[in-house]
Participant: 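So that we are looking at the same thing, I have put the structure below in structure tokens.
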Amino acid sequence: MQQLNRQDIIRIIEGKGAAERVPLLYHLWIYENMFDDDCQKRQDWLTQYPCDVDHKFLQFPGTTEGRKEDPSFFWAPPGVKSTEGKGLDSQFLIADWEDEEAVEAFYATFPDPESPALNTEEKVKDGRYLLGRWWDCLFERLWRLRGMKMPLWIFICIRNRYIVCLPD
């Protein structure tokens, strides 16, 4: 099976055509233990089913402090300190999201998407489409910003105030 090139993937993403087969995208959890700890079996499988897309891991901003590449690359508004050490349900950046001043400060200092701290991994161009990825699940970012207790309360108790939270 031939690997699809970058232009094939772009054409598919943009809906401007199809490829001779479905593009393959995989990365995590394809280790030797899936092949009876046989490195050669794994390599044969990877050769038979080439991954059509390369991955680049993006470093998300810190919660209350930045990384060495960019100390200002974090989510918290100025003056907000870490709440680590508290239970996950009690950690948050802004206690009251109805407080317009606090929310405006949050948005005014939003992390720069061009920050060098976001993209620290160098990749050798090999002709494949390059996809940025990160490690977070659906609600993890929301929990880091608002804590766990408040979003759950909003989703369950005052859903009619928001446009798309829970169906009736």
Participant: At their closest point, which heavy atom of Pro77 faces which heavy atom of Ala102, and how far apart are they?
Facilitator: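 For Pro77 versus Ala102, the nearest heavy atoms are CG-O, 4.5 Å.
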Participant: Do Gln40 and Asp44 have side-chain N/O donor and acceptor atoms under 3.5 Å apart?
Facilitator: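 Their side chains do contain a donor-acceptor pair, which is all the 3.5 Å distance test asks for.
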Participant: Taking atom CD of Glu65 as the centre, does the number of heavy atoms from other residues, nucleotides or ligands within less than 6.0 Å exceed 12?
Facilitator: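 Atom CD in Glu65 is not packed in, count stays at 12 or less.
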Participant: Quick one: list whatever passes salt bridge (Lys or Arg N to Asp or Glu O under 4.0 Å) with Asp37, sequence neighbours left out.
Facilitator: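 Listed in chain order: nothing, the list is empty.
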Participant: Calculate, to the nearest 0.5 Å, the distance between atoms CG and NZ belonging to Asp36 and Lys41 respectively.
Facilitator: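 These two atoms lie 4.0 Å from each other.
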Participant: Can you name the residues that form a salt bridge (Lys or Arg N to Asp or Glu O under 4.0 Å) with Arg6, not counting sequence neighbours?
Facilitator: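 Partners of Arg6 under the salt bridge (Lys or Arg N to Asp or Glu O under 4.0 Å) test: none.
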Participant: Given Gln48 and Met1, is the side chain to side chain contact (heavy atoms under 4.5 Å, CB included) satisfied, shown in steps?
Facilitator: CA-CA 6 Å; Gln48 183 178 358; Met1 178 184 308; 5.9 Å; no
Participant: Starting from Ile10, can I reach Val53 by hopping between I/L/V/M/F/W/Y residues whose side chains sit under 4.5 Å apart?
Facilitator: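 Linked, Val53 and Ile10 end up in one cluster.
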Participant: Under the ring pair (Phe, Tyr, Trp, His ring centres under 6.0 Å) definition, can you give me all pairs with a residue in residues 67-87, not counting sequence neighbours?
Facilitator: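 Non-adjacent pairs meeting ring pair (Phe, Tyr, Trp, His ring centres under 6.0 Å): Trp75-Phe110.
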Participant: Side chain to side chain contact (heavy atoms under 4.5 Å, CB included) for Asn119 and Lys56? Distances and angles first, verdict last.
Facilitator: CA-CA 8 Å; Asn119 184 8; Lys56 186 173 214 174; 2.9 Å; yes
Participant: How would you list all residue pairs meeting salt bridge (Lys or Arg N to Asp or Glu O under 4.0 Å) that involve residues 100-113, not counting sequence neighbours?
Facilitator: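 Every candidate salt bridge (Lys or Arg N to Asp or Glu O under 4.0 Å) pair involving residues 100-113 fails, so no pair, neighbours aside, qualifies.
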Participant: Between His55 (side chain only) and Leu25 (backbone N and O only), is there a donor and an acceptor less than 3.5 Å apart?
Facilitator: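 Absent.
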Participant: Treat each ILVMFWY residue as a node, draw an edge where side-chain heavy atoms are under 4.5 Å apart, and state whether Leu24 and Leu4 are in one component.
Facilitator: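 Each belongs to a different hydrophobic cluster.
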Participant: Looking at residues at least two apart in the chain, or sitting in another chain, which of them share a salt bridge (Lys or Arg N to Asp or Glu O under 4.0 Å) with Arg128?
Facilitator: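 Arg128 satisfies salt bridge (Lys or Arg N to Asp or Glu O under 4.0 Å) with Asp54, Asp126 once adjacent residues are dropped.
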Participant: Shared ILVMFWY cluster between Ile30 and Tyr49, side chains joined below 4.5 angstrom?
Facilitator: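 Linked within one cluster.
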Participant: Of the non-hydrogen atoms in Phe35 and Arg42, which two are nearest, and what is the gap between them?
Facilitator: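 Looks like CD1-CB, 3.6 Å.
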Participant: Is the side chain of Asp70 donor-acceptor paired with the backbone N or O of Ser115 at a distance under 3.5 Å, no angle test?
Facilitator: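 Not confirmed, Asp70 side chain does not pair with Ser115 backbone.
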Participant: What do the steps show when you test Thr120 against Glu69 for side chain to side chain contact (heavy atoms under 4.5 Å, CB included), and what is the final call?
Facilitator: CA-CA 8 Å; Thr120 59; Glu69 298 87 3; 3.7 Å; yes
Participant: Please list, one pair per line, the donor and acceptor atoms closer than 3.5 Å that link side chains of residues 11-20 to other protein atoms, with sequence neighbours excluded.
Facilitator:
unit_1, atom_1, unit_2, atom_2, d
Arg11, NH2, Asp8, OD1, 2.8
Glu14, OE1, Lys16, NZ, 3.4

Participant: Are there more than 12 heavy atoms of other residues, nucleotides or ligands under 6.0 Å from atom CD of Glu121?
Facilitator: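 Yes - once you tally the heavy atoms of other residues, nucleotides and ligands closer than 6.0 Å, there are more than 12.
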Participant: Side chain to side chain contact (heavy atoms under 4.5 Å, CB included) for Gln59 and Leu118? Distances and angles first, verdict last.
Facilitator: CA-CA 5 Å; Gln59 297 291 333; Leu118 178 67; 5.6 Å; no
Participant: Does atom CH2 of Trp134 have more than 12 heavy-atom neighbours from other groups under 6.0 Å away?
Facilitator: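 Result for CH2/Trp134: open.
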